[in-house]
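Below is one structure, written out as structure tokens; comments come after it.
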Amino acid sequence: MKNDFVTILDFGSSKITCMTASKVSDKGEFVIRAVGQSAYNGFSDSGWYEPNTIDGAVSQAISQVENKMKCRIKEVFVGVPGAFCAEVTGEASAAFHSKKKIDAEDISEIIKKADIYKCESDYSPLGGKPVYFILDGALRMVDPQGFIAGKLTGLVSFSYMKNSFRNSVTSALNKQGINRISFINTCEAQASYIGHATFNESYSIVIDIGHITTNVSLCGGRGLLFMRTFALGSGYLASDLCQVLGCDFNFAMSVLEKVNLNLEIQSGDAYSLGGRMIDAYQTNEIVKARIAQIAEYVIKSFRYCDKDIPANTPIVLTGGGLSYIRGGADCLSTYLGKKVKLYDSVNAQTKRNEYTSCYGLIYEAIQKEKSKGGFFSFLSKIGKGDK
């Protein structure tokens, strides 16, 4: 029997995270059973900063989970960071001889017809995911299966990953004895999960600010419409503080934990940290200046987006880079000129913003296991009374 859990591997900008989780219900709930982490120096859109450390970092994260689960991991769903991904959308239609009930084959045919793009030699396809469908040119919905229509039109998002990422990660996992590997676009999985978690299947913008990388995603329905990655994050905030305050990097990161942008700071106010007094007004101004630059980069990112974005599209902030700075979301909102909502969850296991990419990968992995008739599909049948 297959294991009753999925294992994901998430490549953040400062750490690699391995998680195992089990499905709880068909509504997308899951329980996290083990977590393993290893620090590393991350990547840029050109590749790994220290490629020789990837094997060891992957091994360390997975070994921690194996020790906690007391079993060997044999299959892993790997998240492909935005810096190693490309995304395009395609549209296709199918007209039927007469009105019929839409089934899974019709949806598969739309996805196949929409795939008109030639994959470049240094990329590999990650597959297509429907964004939304239109029935008879009028009724728009996320899942048309079971509805009656004479014509079906679909907008499909296609993702591609750099072969350099695939090759290095596959090699690292093979050395761990893991040969069953599936790759998932992390930005797409994260945006879809946040849309699911916030009961929003319409348009949404997700801004994930990490340690040295920020991902901006536009999600519509269940697919990704646009994504952009740029090098800015909490590490840059800390570097700014190092230069101005004359402190070391670790101390600067601790200062960020003290920062409160909601306070009306006056000249002479100070933050107290480890017996040292830090000029609060100067510190806040340094942090605000960098957040203003992040907002500027977010706005510039969407100049590359060819999609019409409704004015009321919600913006969700996540990631560990800015979410935990008090007043950070409000400050970003001010510079964007749009309301920014901070990701939150009623589930204590899925509340932490730095792990929303992991939650998205788990959610997507469970869906893939269910669709290919794995253990979770078996559980679903038992729950419905099938013998």
Side-chain angles (χ1 to χ4, degrees), residues 11-14 41-47 49 80-88 159 162 185-188 190-191 194 203-220 224-244 249 252-253 256 259 261 283-311 313-343 353-354 356-357 360:
F11 289 84
S13 57
S14 64
N41 285 332
F43 51 82
S44 68
D45 55 3
S46 299
Y49 285 126
V80 186
F84 296 102
C85 277
E87 178 274 334
V88 294
S159 294
K162 289 184 178 180
N185 183 330
T186 300
C187 291
E188 181 178 75
Q190 181 185 45
I194 289 177
Y203 285 93
S204 61
I205 293 173
V206 176
I207 303 174
D208 182 336
I209 301 176
H211 184 64
I212 59 175
T213 303
T214 292
N215 293 304
V216 181
S217 305
L218 172 64
C219 190
L224 196 63
L225 288 165
F226 171 79
M227 67 177 186
R228 194 82 176 174
T229 300
F230 55 86
L232 276 178
S234 60
Y236 288 78
L237 298 174
S239 293
D240 294 342
L241 293 175
C242 287
Q243 294 179 31
V244 178
F249 189 82
M253 290 296 292
L256 289 176
V259 168
L261 301 178
T283 298
N284 279 21
E285 291 303 304
I286 293 169
V287 172
K288 287 178 181 177
R290 185 61 81 171
I291 294 176
Q293 186 185 33
I294 292 174
E296 180 185 352
Y297 273 56
V298 170
I299 293 170
K300 285 182 177 179
S301 293
F302 280 100
R303 293 176 185 171
Y304 296 90
C305 180
D306 61 354
K307 305 296 187 297
D308 293 327
I309 306 174
T313 298
I315 302 175
V316 182
L317 172 66
T318 189
L322 187 57
S323 300
Y324 298 115
I325 295 179
R326 285 164 288 186
D330 293 334
C331 184
L332 181 64
S333 177
T334 298
Y335 290 120
L336 288 177
K338 294 281 187 179
K339 181 175 176 56
V340 174
K341 178 182 178 181
L342 195 62
Y343 165 81
N353 274 268
E354 69 266 38
T356 53
S357 56

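Values below: every heavy atom of this structure, side chains too, minus hydrogens, waters and symmetry copies.
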Q. With Y49, which residues qualify under side chain to side chain contact (heavy atoms under 4.5 Å, CB included), at least two apart?
A. N41, S44, I212
Q. Who pairs with C219 by side chain to side chain contact (heavy atoms under 4.5 Å, CB included), at least two apart in sequence or on another chain?
A. A191, S192, S204
Q) To the nearest 0.5 Å, how far apart are CG in L332 and CG in L261? A) 11.0 Å
Q | Qualifying residues under side chain to side chain donor-acceptor pair (under 3.5 Å), relative to S301, sequence neighbours excluded | A | none
Q: Go through the structure and list residues passing ring-ring contact (aromatic ring centres under 6.0 Å, His included) with F43, not counting sequence neighbours.
A: F84
Q: Identify the two heavy atoms, one from V287 and one from L237, that lie closest to each other, and give their separation to 0.1 Å.
A: O-CD2, 3.9 Å
Q) For G82 and C187, which heavy atoms make the closest approach, and how far apart are they? A) CA-SG, 3.9 Å
For residues 313-330, dump all side-chain donor-acceptor pairs below 3.5 Å to protein atoms at least two apart in sequence or in another chain.
| residue | atom | partner | partner atom | Å |
| --- | --- | --- | --- | --- |
| T313 | OG1 | P310 | O | 2.7 |
| T318 | OG1 | N353 | O | 3.2 |
| T318 | OG1 | N353 | OD1 | 3.1 |
| T318 | OG1 | T356 | OG1 | 2.8 |
| S323 | OG | G319 | O | 2.7 |
| Y324 | OH | N353 | N | 2.8 |
| Y324 | OH | E354 | OE1 | 2.4 |
| R326 | NH2 | E257 | O | 3.0 |
| R326 | NH2 | K258 | O | 3.0 |

Q | Side-chain heavy-atom pair D45, T229 within 4.5 angstrom cut-off | A | no
Q) Under the 3.5 angstrom rule, does the side chain of T213 hit a backbone N or O of A231 as a donor-acceptor pair? A) no
Q) Taking atom NZ of K338 and atom CD1 of I205, what is their separation to the nearest 0.5 Å? A) 8.5 Å
Q: List in chain and number order the residues that pass side chain to side chain contact (heavy atoms under 4.5 Å, CB included) with D240, two or more places apart in sequence or in another chain; answer none if no residue qualifies.
A: I286, R290
(Q) List the residues meeting ring-ring contact (aromatic ring centres under 6.0 Å, His included) with F226, not counting sequence neighbours, and say none if there are none. (A) F302
Q) For residues D208 and Q190, is any side-chain donor paired with an opposing acceptor at under 3.5 Å? A) yes
Q: Taking all non-hydrogen atoms of both residues into account, name the closest pair between F249 and S239 and its distance.
A: CE1-OG, 3.9 Å
Q: Quick one: closest heavy-atom pair of I209 and G233, and the distance?
A: CG2-CA, 3.9 Å
Q | Heavy-atom pair of closest approach, residues A238 and L256 | A | N-CD1, 4.1 Å
Q: For E296, enumerate each residue passing the side chain to side chain contact (heavy atoms under 4.5 Å, CB included) test, keeping only those at least two apart in sequence or located in another chain.
A: K300
Q: Apply salt bridge (Lys or Arg N to Asp or Glu O under 4.0 Å) to K288 and list each qualifying residue two or more places apart in sequence or on a separate chain.
A: E285
Q) Do I207 and L336 have side chains that get closer than 4.5 Å, going by heavy atoms? A) yes
Q | Set of ring-ring contact (aromatic ring centres under 6.0 Å, His included) partners for F230, sequence neighbours left out | A | Y297
Q) Any side-chain heavy atom of R303 sitting closer than 4.5 Å to one from R228? A) no
Q: Would you please name every residue forming a side chain to side chain donor-acceptor pair (under 3.5 Å) with K307, sequence neighbours left out?
A: T89
(Q) Quick one, I294 and Y335 - any side-chain contact, counting heavy atoms below 4.5 Å? (A) no
Q | Reference residue M227; test side chain to side chain contact (heavy atoms under 4.5 Å, CB included); the match among V206, N185, T186 | A | N185
(Q) Main chain of L232, side chain of T214: is a donor-acceptor contact present, judged purely on distance under 3.5 Å? (A) yes
